[in-house]
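In what follows, a structure is listed as structure tokens, so that the remarks can point back to it.
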Amino acid sequence: MSNLVVLNASNNNFQGLMPSSFCISSSLLAVLDLTYNQFSGNIPGSLGKCSALRVLKAGHNNLTGQLPDELFNASSLEYLSFPNNGLDGVLDDARITNLRNLSKLHLGGNMLIGKLPDTIGQLTRLEELLMSDNNMSRELPSALSNCTNLVTIDLKGNRFTGELTKVNFSNLINLRTLDVLYNKFTGTIPESIYSCSNLNALRLSGNSLHGQLSPRIVDLKSLSFLSISSNKFTNITNMLRILQNSSSITTLLIGGHNFNGEAMPGDDIIAGFQNLQVLSISGCSLSGKIPFWLSKLKSLKMLFLQKNQLSGPIPAWIKNLELLFYLDISNNRLTGEVPLALMEMPMLKSEKATTDVDPSAFERTVYIARGLQYRKLNAVPKLLNLGNNKLTGVIPKEIGQLKSLNVLNFSMNSLSGEMPLQLCSLTNLQVLDLSSNHLTGEIPLALNKLNFLAEFNVSNNDLKGPIPTGGQFDTFPDSSYERNPKLCRVTVDQLCGSAEPSAVSVLSTEQIDRRVAFWIGFGAFFGVGILHDQLVLSKFRGIMDTMGFNIVL
Ligand SMILES: *[C@@H]1O[C@H](CO)[C@@H](O)[C@H](O)[C@H]1NC(C)=O
Ligand SMILES: *[C@@H]1O[C@H](CO)[C@@H](O)[C@H](O)[C@H]1NC(C)=O
Ligand SMILES: *[C@@H]1O[C@H](CO)[C@@H](O)[C@H](O)[C@H]1NC(C)=O
Ligand SMILES: *[C@@H]1O[C@H](CO)[C@@H](O)[C@H](O)[C@H]1NC(C)=O
Ligand SMILES: *[C@@H]1O[C@H](CO)[C@@H](O)[C@H](O)[C@H]1NC(C)=O
Ligand SMILES: *[C@@H]1O[C@H](CO)[C@@H](O)[C@H](O)[C@H]1NC(C)=O
């Protein structure tokens with residue numbers, strides 16, 4: 001095929017070595033796309049002979065070894081893309097400069113080591129530099145400031161060190177996304193960043209940056225996503241006071257800080273943010289109450305305040321946040337009863353899908369623990385997590401109104417009374433955790449009608465009577481019920497109360513298999529991710545297990 005210009009064989013199951021003879025017969029080849037196949041072995045150096053090659057993509061294969069030296073002879077390359085392979089070695093300082101036309105360099109998800117070469121500054125047409133999830137280290141080259149056409153820099157998940165101030169960001173006037181999540185950067189946020197007037201997403205979380213936030217951050221008029229969680233920043237009062245003046249920020253993640261015993265800033269200091277949709281101030285050991293200024297955040301959809309030392313009651317105004325569908329206030333010191341106002345939350349009552357709400361807050365992937373990510377809003381469950389507080393009283397029967405709730409966690413409180421029958425009308429429930437309370441009475445048998453229930457835990461209460469059977473209840477492990485001495489299993493040859501209670505057996509492999517089968521079926525039915533293999537399956541379960549418990553980055 002001597003006239004072949006474009007070959008697109010992406011999204012197939014081709015195996016073996018990547019073909020090496022392309023440009024021997026087809027010297028006109030300009031586009032070669034082999035993304036999403038199963039090619040293995042090294043990248044053939046003979047691709048360097050493809051003098052007309054502009055686009056070379058072979059991401060999501062099993063390629064190994066280094067980028068071959070000869071490849072850099074293909075000096076017409078504009079788009080070089082090998083993400084999610086097993087490539088190793090360093091980015092060659094001298095050779096990369098041959099690729100003067102390069103505008104997209106996508107090498108994320110490999111095992112590259114070494115530094116980002118100084119010569120990268122010579123690639124002045126570079127628009128996308130995607131090197132996430134490698135093992136690269138050392139300081140960033142200051143020459144990166146010369147790549148003035150850069151729109152996206154993604155360096156997350158490496159071991160880069162030194163100060164970000166090495167780079168003069170004022171020159172990068174086209175920059176829209178800067179993501180350095182999970183590295184080892186130190187120092188302060190470079191002042192030069194505040195000149196990037198097109199910056200839309202800035203993620204600095206998971207580093208060792210320190211200092212107070214500069215008021216200049218509000219100069220970033222296009223900034224919609226800001227995550228600075230898990231660093232060493234100080235003075236949350238100052239931070240929130242500054243940030244509330246930004247009208248562009250819709251997602252703000254500042255959790256995972258030790259603010260030296262500061263209290264949650266109150267209404268004397270904060271008047272309210274304008275357009276926030278997602279707010280995380282989790283894991284900051286903040287004392288004080290759930291502040292009233294939160295009630296003014298009319299666009300709020302997700303609120304993460306877990307792992308602080310907040311005290312006092314859950315405020316009734318919570319029901320006025322009409323778009324809120326994810327509330328995690330677990331692991332605090334909240335007292336009082338579960339307020340009826342919580343049973344009035346509009347998004348949890350209505351079947352309105354979270355997809356109906358503007359998904360712009362999730363243009364960026366939000367990380368809720370390393371390796372787990374929510375990219376689309378509809379992948380995020382509707383959640384109410386009040387676990388590990390000091391709540392007392394009963395579970396209100398009005399709980400039955402929260403028809404669209406997916407995750408309900410009241411565990412580790414001092415709730416008493418019975419499990420209300422109305423729990424059985426929460427037909428979208430996937431996780432129900434009422435463990436470690438003082439609940440009495442029987443487990444409503446009709447709970448076995450909850451077809452999507454995948455996690456169920458009532459352990460460590462004072463429940464009595466039979467454990468429901470049928471439906472999902474044939475799949476839960478014995479640990480779901482343990483430490484309820486009056487609970488018993490009804491089997492064919494043993495009636496409830498006829499033998500030693502709660503001599504419950506270990507989960508059989510058959511039960512485990514059924515449980516896994518449920519998850520696969522669940523995925524196929526709802527298209528939740530692509531649950532086609534065990535890996536993805538276990539990842540999805542990971543999300544469920546750690547839901548609303550980690551620092552959001
Ligand atoms: C190759 O085809 C896939 C699937 O149609 C498409 O998504 C991709 O953009 C194409 N590649 C190029 C380089 O045009
Ligand atoms: C191609 O690359 C190799 C190794 O980098 C080099 O020795 C050779 O001279 C180059 N060939 C051409 C035609 O540029
Ligand atoms: C990253 O590189 C360091 C040495 O530079 C090595 O000790 C470490 O094991 C590497 N990590 C991975 C995940 O390959
Ligand atoms: C950064 O670049 C800007 C614009 O080119 C320039 O005015 C400024 O002096 C530079 N800052 C440093 C610290 O080099
Ligand atoms: C926090 O910042 C404010 C300015 O907003 C300042 O008045 C206060 O002294 C700072 N607190 C600490 C502990 O540095
Ligand atoms: C419910 O919350 C408690 C306290 O945070 C936590 O320990 C538990 O793992 C959560 N349950 C589920 C099923 O995630």
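Counting starts at 1 for both ligands and their atoms, in listed order.
By the side-chain contact (heavy atoms from CB on, under 4.5 Å) test, Ser145 pairs with Val167, Asn168, Asn171, sequence neighbours left out. Qualifying disulfide bond (SG atoms under 2.5 Å apart) partners for Cys50, counting only residues two or more places apart in sequence or in other chains: Cys23. With sequence neighbours excluded, the residues that form a side-chain contact (heavy atoms from CB on, under 4.5 Å) with Lys232 are Ser208, His210.
Under the 6.0 Å cut-off for aromatic ring centres, His257 and Phe233 qualify, their centroids lying closer than that. Taking the ring centroids of Phe169 and Tyr194, they lie at or beyond the 6.0 Å cut-off.
Ring planes of Tyr79 and His106: perpendicular class, angle over 60° (limits at 30 and 60°).
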Write out each pair where an N or O from ligand 5 and one from the protein are under 3.5 Å apart, with the distance.
residue, atom, partner, partner atom, Å
ligand 5, 2 (O), Asn235, ND2, 2.3
ligand 5, 5 (O), Asn238, OD1, 2.8
ligand 5, 5 (O), Arg241, NH1, 3.3
ligand 5, 11 (N), Asn235, ND2, 2.9
ligand 5, 14 (O), Gln212, NE2, 3.4

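Here Arg159 has side-chain heavy atoms under 4.0 Å from ligand 3, and that is the only part of it that gets that close.
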